[in-house]
Each structure stands twice: as C-alpha cells, then as structure tokens.
Amino acid sequence: MSIYDTLNEQQREAVFHTDGPLLILAGAGSGKTRVLTHRIAYLIEEKGVNPWNILAITFTNKAAGEMRERVDNLVGFGSESIWVSTFHSTCVRILRRHIDRLGYDNNFTIYDADDQKTLMKDVCRLIDIDTKVYKERNLLSAISSAKDELITPAEYELNAAGDYGKQKIAKVYLEYEKQLRANNALDFDDLLVKTVQLLQTQPDVLEYYQERFRYIMVDEYQDTNTVQFKFVSLLAGKYKNLCVVGDDDQSIYKFRGANIKNILNFEQEFHDAKVIKLEQNYRSTSNILNAANAVISNNVGRKDKSLWTDNGEGEKIQFRQFDTAYDEADFIAEDIRKHVKDGAAYNEHAILYRTNAQSRLFEERFVAGNIPYKIVGGINFYARREIKDLLAYLKTIDNGKDDLAVRRIINVPKRGIGLTTINRVQESALEREIGFYEALQGLDLIPNIGRSAGKLDSFVALMEYFKGFAAKETLSDLMKEIIEKTGYVENLEAEDKEDAQSRIENIEELQSKIAAYEESCADMDEKPTLSGFLEEVALVADIDSLDEEQDYVILMTLHSAKGLEFPHVYLAGMEDGLFPSYMTITSDDNEDLEEERRLCYVGITRAEKDLTVSCARRRMIRGETQYNKMSRFLKEIPTELMETGAAFEEEVEMPTQNAYFQAKQVFKQKAFSTGKTAKQFTVTKEKGLDYTIGDRVKHMKFGEGLVTDITEGGRDYEVTVQFDTAGVKKMFASFARLQKV
DNA sequence: TGCTGGTGGATTTTT
DNA sequence: TCCACCAGCA
C-alpha cells in the first residue's frame, strides 16, 4: 500500500498530473493541503524531481511551515531544500540577491503601513498637497491598487488625463516612489512589483529562476492579485509546470486587489490547463456544510460546484440572539467552559468575528473568567511604539539611507533635539539632494544649526559607535548595547508607570525573538544578519504566531481564519451593519456584499463539529450604542438546520421585523402614551426640536428615517431613529442635526 | 523645546 | 472610544 492509496480519485488525479498547467478547484475542507503535500512527495519520490526545483507558495508563513513539515513526514529527506514560502518572502529573497540591477542597494528596508503613512505625510508636505482634501490613507490605497495592477507612476499620469483628482494622485505617486528610492526602501507592494520588473528586464535572472523552479505550486490562488499572477506566470513561463489551488467561493481579499479573474480565466491564460474539482468535504458535518452551501448559493457569478460530505448530520447549528454584546460574550465564555468541563480542550474552540474591535469584550470576559485565550491580529507586535523605536535603531545601523528610521529615533529617547532643528537638517539635506543621515554627518554645512550642533554630533557619534559594534558583535549583544547606551528602558521606567511595564515586557520579547532568529540561522547554517532579521520581522503576520499545541481559545477575524479549522466555532456579531458591514450594505456595488457573503462562507466552513452563530440587539461601537438587526446571512441558513436553544427561545427576533413593523409599534406606543411620554414631548418642544416620535427626519449621512424614541439625557436629548438604510441609531439631538421632512 | 488639554475625526478586513 | 493634531503655555 502506498501513501497515495488514502486519497480519493480526484485527489489522486491531481497528485499524478505533474506536468503542464493544472487548476485545482478545491472546496472548503476538501483536503487541498493533503493534495499539495502528496503531490510534492510524488514529484520527489516517483518522478525523481530534485526538491531544489520545487517552489510552493502559500499565503502565510505558518502555512508554509506546516506544509514543509507535512512533506517532511511523507518523504523523509530532501524536504528542507524545497522552497516553501509566501509571495512576499519569496520576492524578498530574490530581491536581496539582485535588486542592485534596478538601482537599489541590496540591503533595502521594507516599509510597513505605519512607515508608509509617515512617508506619505512627508510627500504631501513636500509637493503641497492638502491632506485634508487628499487623505494619506486614500492616497496610499490608490497607489497600492495601482501597484497591484502593475501601473507605474508614468502610466498612472497618462491614464489621469482630464481627471484633476487622478492627476494629483499621479503626482503624489511619482514623488512617493522617488522618496522610497531615496530611502532605499520598498513598501509591501513593491516587493512584488520590483521582482516582476527584475524578471522582465533581466533575462539572465529570469532564466535562472525559471530553471530553478521547474515545478511551481500556488495555494489560496483565489486571493492572488495581478502582480502576483504576473510573477508566477513569468516563473512558470518556460516549463509551464504550474499547479494552482483555490476556491473562488473563498476569495475574500478583493479589497486588497485580489483578482478573481485569475481563477476564472486560468484556462484561457494557460491553454492546455487541466482542471480538477475536489468536491468532497472531509471536515464538517453535513448540517454545517448544508448551511454553508445555502448561504453561498446566494452569490451569482461563481464557478459551479457542489460540495458534499459523507460525514453524519451532526449537531444542529446553534443560533442565539442576545440583548447586548456583553450577554453574547458571557454566553460564549460559559459555553466554552461547559465544553471544557465535559472534556474538550480550550484550543478546540475558536471565536470568529468581522472586526478586530469585537475582540475586546471577549478578552474582558475571559480575563475575568480565567479562561486561557489568544487573540490573533489587532495591533501587530512589531507595530508597537517601543518595538518600532528599537527596530528603527537597527534600521539606521543597517541602512543609513532610511531617513524615516533616523528621524524616528533622533530624539527618542529625548535628547533635546526639537522639530525646528530636525526641519533645518531636512531642508539642508533636500537642497543638497543627500540623505538625512548624510546631512547630519556634515553639520558645519547646515546654516542656523547653532546650539543643537553638539547634540546632533553626539547622536551621530552614537550611531557610528553602534555601526562599529554591529560589525563585530552578535545581534543580541547589539540590541542589548542599544538599550543600554540609549537608556531606552530606563526612560520608560521613569515615564508613566501604567503601560511602561508592558512595554518593557515587549522589549524583552523582542530580545528573545532576536535570540530565536540567531538560533534558527545556526540550525540552517546561515549567518544571522541585521537585514535578515529586519526582513523576517517585516513579513510576519500575527497568525504565524498561532501555536496549535498551546491550550487556549482562539479569537480572530474571519479573514485570519482562512485555511484553519476547529471542532467548535462561534461566529459572533452576526448583525446587519457589522457583518455584513455597513459599508457593504450601503455600497452600490453588489460585488461588495458578495465578498462579505464569501467571508461568511469561510467562517461557517471552519467548523468541524459544532457551529454557534450569535448576534446582539444592542452593541457599543465607537462609544455609541447601535441597534442592529440580525444578519441577513443568518436568514439564508435554512431554519431546519438551526436550533435556537430553549433558554433563549422567546428572545429570538424573527426575520419579519422591518421598518414598517417597527413604525407600527411606535404608533401603538404613541396612541397609548403615558404621562411620561407626553412630558417628553413638551420638553422637546420647549427645546425647539421641530420633530417628535413618529416623525420622519433626515440625517446628513444616514439619510431618511423614523424617530422612534426621544429621551432626556443630561444637557441634551437622545434621539433614536430607525433609518431606512442605515438601521437604528441613537444620537444626541445637537450633534445629529436632524431635519424634519 | 516640550507638555498639556481640547477638539475633531474615524474604522472593515492584511501580506 | 480612541487617537492624532494643534494651540497655548512653561
């Protein structure tokens, strides 16, 4: 019996089809990772392919690690020379070797979202863009989309002809690129873009990698964007042994440029492509799978497929509606505790939600209830202030051209170097077209620097000292030396006590991450380098730190959950306005809502044994209470698959409730209004509000709606309005500026 | 130069 | 609710 006997017919077909383009349409839980790992094993063992010639691209580092491990178990040896990594890591590795061909230094730095924003601010100041009109975020996302589509600044400008706004963006884009280059830095999108440029312009480099990667596999193919597709096509251009695995129903990154056409048009792009569908689900019970199928069937324009399972029916899907989000968190915590009491492990439970902000309530509840948990996502560890500060030191030491890093730390900890001084240095650098740090090294050339010169001098001396230190000593020692000589931790201690402690702990964690990096280099016989560490840091996602061995409840967004599975899954916050989000409900592009639905599909299909879906009637969002209806996606799940739970039965709000129904309620209330309500009327009238309960009003942002309640709240009146499209909102009269219609 | 407090704006999802 | 920015003062 061979390892391939355990596969089903389609899976085997996919494994044995090794030459030529192959598209595997793998439904959720259909064993695609199994197929990929067995395929790699088959290539090595049966086809005699050198592991060195195999490239496998995954979505996260975690997935890459798992794939390597599983291949390891199958083939015994050689798996370490397979190149398994994410798109971004793959590109960085290529660029580190060859980017000098494009005029960058090979030790370029990678800018994260924070750095991008800082740089964008500079750019806008430089070319006189009013950031109140053109927001940094919007500019960056426009540029990012352009890069995803491989549009250069020059091309952008051409396309912008006649469009004033676009012309502005084109100018910004051009300058932004210029600044990145001056800083010898690349942003995330650049990693892909520059690699593609490199392969397109340097035939020998292309040839080298085409020869090297004779067999290429891409996981989560539905989430690739245009650059990523171009990258893969270039690499596979010679041997055409490209195998992509994806599921159009699980495409959830359109907002990031993922191009679903990559999957829908694969067959056109690669003419003799073979297509194999994996439709048997091994993960979930049939109740769960049927629910998922029912939801996703509401999307139009998907590749036809029907997922089935011969797993049993299993438990019904539990549906609970609560008054408040607190109740929801309470219930879920209690439910998990019950399961654990009955012998389940914490880590068999995952709570999935739409937005990171929702994690807070659960966290509070779990801390109080002493339930071990792990939140994935939110603020990235490496995005924390103290970590970024220390990394900026490393970046400055590593790449003197990274102005952003230098400017970040020049006065951190405080050295009495103020904004005026920094600006003078900056101006002088700009005039002479040199870097910021370079300008610092020739202080006598900077006018009006006067009293600050001494301070700047000693800063430069310190950095030069670190550079010398870095050349001789290990990374760990360098970090220790930086903390010591700058007095960073001491300063923290002297500051406020409140979060200083956790910041110091983070710094300790950073130090152990450095040590871990050095160790892993030693394992692989590589030399630990500063750039290497910085790069590792730049490309990790929070999900990579998820450890299946640890026994904790896992909390994360639906996006992070892609590719994972858990016995017990809770989908929390299933409310219209939250999930699907307000943005997509009001969007006029139906595609947006479909993407949310796919996200829901992803969520449901994470569950193996039980699925609990829940929502709250009332929820605090950004400090204001919102009243939401249950999610429209819940209504798409056939009721016979669901169970509402005896204790909560009477609380369940039936999907019949709509604006009309609520309006009727209000009129009833009004007709039988007690003295109290009557009094409210008079009070509001005194105040000069020209609307009362039952009136229709208009809001600047939310449109028209019906006033359902007015209560006295301190110095203002709290008005509850049922909007036609935006749902129920509670707001203060003086802010809301409602107009009677 | 640096701190403080007030104000206004904002949030979807992330390699 | 939280964060970034700005004005005003030490």
Side-chain angles (χ1 to χ4, degrees), chain A residues 57-64 85-92 110-114 116-118 121 131-132 135-138 140-141 144 147-148 186-192 220 223-225 227-228 251-258 352-358 360-361 376-380 382-383 385 411-423 451-452 455 495-496 535 537-544 556-563 573 577-587 592-593 595-596 598-600 602-603 619-626 701 735:
Chain A
I57 294 177
T58 58
F59 208 66
T60 62
N61 296 298
K62 180 172 179 283
S85 70
T86 63
F87 271 108
H88 296 267
S89 312
T90 305
C91 288
V92 171
I110 301 166
Y111 278 180
D112 66 12
D114 246 32
Q116 288 184 341
K117 206 176 154 204
T118 314
K121 251 183 233 157
T131 52
K132 293 228 165 66
K135 301 238 162 60
E136 290 100 330
R137 265 164 25 97
N138 298 337
L140 281 168
S141 85
S144 174
K147 288 185 176 184
D148 285 346
L186 301 187
D187 65 18
F188 273 119
D189 304 305
D190 278 342
L191 298 177
L192 267 307
E220 307 285 7
D223 285 322
T224 53
N225 58 30
V227 218
Q228 290 169 332
S251 161
I252 54 174
Y253 283 102
K254 189 174 147 252
F255 74 94
R256 212 172 69 193
L352 310 181
Y353 35 76
R354 180 66 237 269
T355 63
N356 279 306
Q358 287 168 258
R360 243 192 57 186
L361 283 183
V376 176
I379 321 151
N380 189 319
Y382 294 103
R385 197 180 75 204
N411 198 32
V412 177
K414 306 230 147 47
R415 301 188 174 90
I417 301 172
L419 212 62
T420 338
T421 311
I422 294 175
N423 284 341
R451 279 181 300 153
S452 312
K455 295 169 189 164
E495 267 176 34
D496 50 68
E535 157 191 327
V537 157
L539 298 178
V540 294
D542 207 23
I543 190 82
D544 297 332
M556 64 184 136
T557 62
L558 288 151
H559 281 89
S560 300
K562 193 180 64 163
L578 188 61
F579 184 38
S581 74
Y582 174 69
M583 304 278 264
T584 52
I585 293 177
T586 49
S587 158
D592 291 345
L593 187 67
E595 175 140 318
E596 295 271 301
R598 290 194 291 270
L599 196 53
C600 182
V602 168
R619 179 183 296 274
M620 279 271 263
I621 292 175
R622 288 208 301 274
E624 70 175 335
T625 307
Q626 295 219 349
K701 198 164 135 202
F735 293 115

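Reminder, nothing fancy here: chain letters follow the sequence lines and each chain counts from 1.
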- Message: Using a 4.0 Å heavy-atom cut-off, does A:K455 contact any base of the nucleic acid, only the sugar-phosphate backbone, or nothing at all?
- Response: nothing

Side-chain contact check for A:T355: nearest option of B:dT12, B:dT14, B:dT15 is B:dT12

Out of B:dT15, B:dG2, B:dT14, minimum distance to the side chain of A:T557 belongs to B:dT14

Between the base of B:dT15 and the ring of A:F87 - centre-to-centre under 5.5 Å, planes within under 30° - is that a stack? no

Practice item. Please examine the side chains of A:F87 and A:V227, heavy atoms only from C-beta on, and report whether any two atoms are closer than 4.5 Å. Key: no

### Message
If the threshold is 4.0 Å, N to carboxylate O, is there a salt bridge linking A:D592 and A:K254?
### Response
yes

Practice problem: Give the C-alpha distance, both sets of side-chain angles, the deciding distance and a yes or no for side-chain contact (heavy atoms from CB on, under 4.5 Å) between A:M620 and A:Q626. | Solution: CA-CA 6 Å; A:M620 279 271 263; A:Q626 295 219 349; over 6 Å; no

| query | Is there side-chain contact between A:R415 and A:K455, with at least one heavy-atom pair below 4.5 Å? | reply | no

Q.
Whether A:K562 contacts B:dT14 is assessed here as follows: a side-chain N or O lying under 4.0 Å from the phosphate OP1 or OP2. Is that the case?
A. no

Per atom distances to the A:S560 side chain, the nearest of B:dA10, B:dT12, B:dT14 is B:dT14

**Prompt:** Under 4.0 angstrom, heavy atoms only, what part of the nucleic acid is A:T584 near: base, sugar-phosphate, or nothing?
**Reply:** nothing

For this session: For A:R360, answer base if it contacts any base atom (sugar-phosphate contacts may also be present), sugar-phosphate if it contacts only those atoms, and nothing otherwise; contact means non-hydrogen atoms under 4.0 Å.
Result: sugar-phosphate

A:S89 side chain N/O closer than 4.0 Å to the phosphate oxygens (OP1, OP2) of B:dT15? no

Whole-Å distance, A:I585 CD1 to B:dT13 C1', equals 15 Å

Here the distance between atom P of B:dT13 and atom CG of A:L593, to the nearest Å, is 18 Å

Between CG of A:N423 and C1' of B:dT1 the distance, given in whole Å, is 13 Å

Testing B:dT12, B:dT14, B:dG2 for proximity to the side chain of A:N356, the answer is B:dT14

For this session: Using a heavy-atom cut-off of under 4.0 Å over every strand shown, decide if A:F59 touches base, sugar-phosphate, or nothing.
Result: sugar-phosphate

Quiz item: Should A:T625 and A:R619 count as side-chain neighbours, where that means a heavy-atom distance under 4.5 Å?
Solution: no

Between A:R354 and A:T86, the residue closer to the 5' end of DNA chain B by nearest nucleotide is A:R354

P atoms of B:dT13 and C:dA4, separation to the nearest Å
16 Å

message: Quick one, A:Y382 and A:D112 - any side-chain contact, counting heavy atoms below 4.5 Å?
response: no

Per nearest nucleotide of DNA chain B, the residue lying toward the 5' end, A:S581 or A:T420, is A:T420

- Is there ring stacking between A:Y253 and B:dT13, where the centres must be under 5.5 angstrom apart and the planes under 30 degrees? no

Among B:dC3, B:dT1, B:dT14, the one nearest any side-chain atom of A:K414 is B:dC3

A:Q358 atom CD is separated from B:dT11 atom C1', nearest whole Å, by 12 Å

Picking from B:dT12, B:dT11, B:dT14, the nucleotide nearest the side-chain atoms of A:R622 would be B:dT11

In whole angstroms, the gap separating P of C:dC5 from NZ of A:K135 amounts to 13 Å

Between B:dT11 and A:R137, is there an OP1 or OP2 to side-chain N/O distance shorter than 4.0 Å? yes

*asked:* Does the plane of the ring in A:Y253 sit parallel, tilted or perpendicular to the ring in A:F59? Use 30° and 60° as the thresholds.
replied: tilted

Checking all strands, does A:K62 fall into the base, sugar-phosphate, or nothing category for heavy-atom contacts under 4.0 angstrom?
nothing

Atom CG of A:D114 and atom C1' of B:dT15 are separated, to the nearest Å, by 16 Å

A:M620 atom CE is separated from C:dT1 atom C1', nearest whole Å, by 8 Å

- Reckon A:R415 touches a base, only the sugar-phosphate, or nothing at all at heavy-atom distances under 4.0 Å? nothing

*asked:* Under 4.0 Å, counting only non-hydrogen atoms across every strand here, what does A:N411 touch: a base, just sugar-phosphate, or nothing?
replied: sugar-phosphate

With the side chain defined as heavy atoms from C-beta on, A:M583 is closest, among B:dT11, B:dT12, B:dT14, to B:dT12

When rounded to whole Å, the CD to C1' distance for the pair A:E535 and B:dT15 reads 14 Å

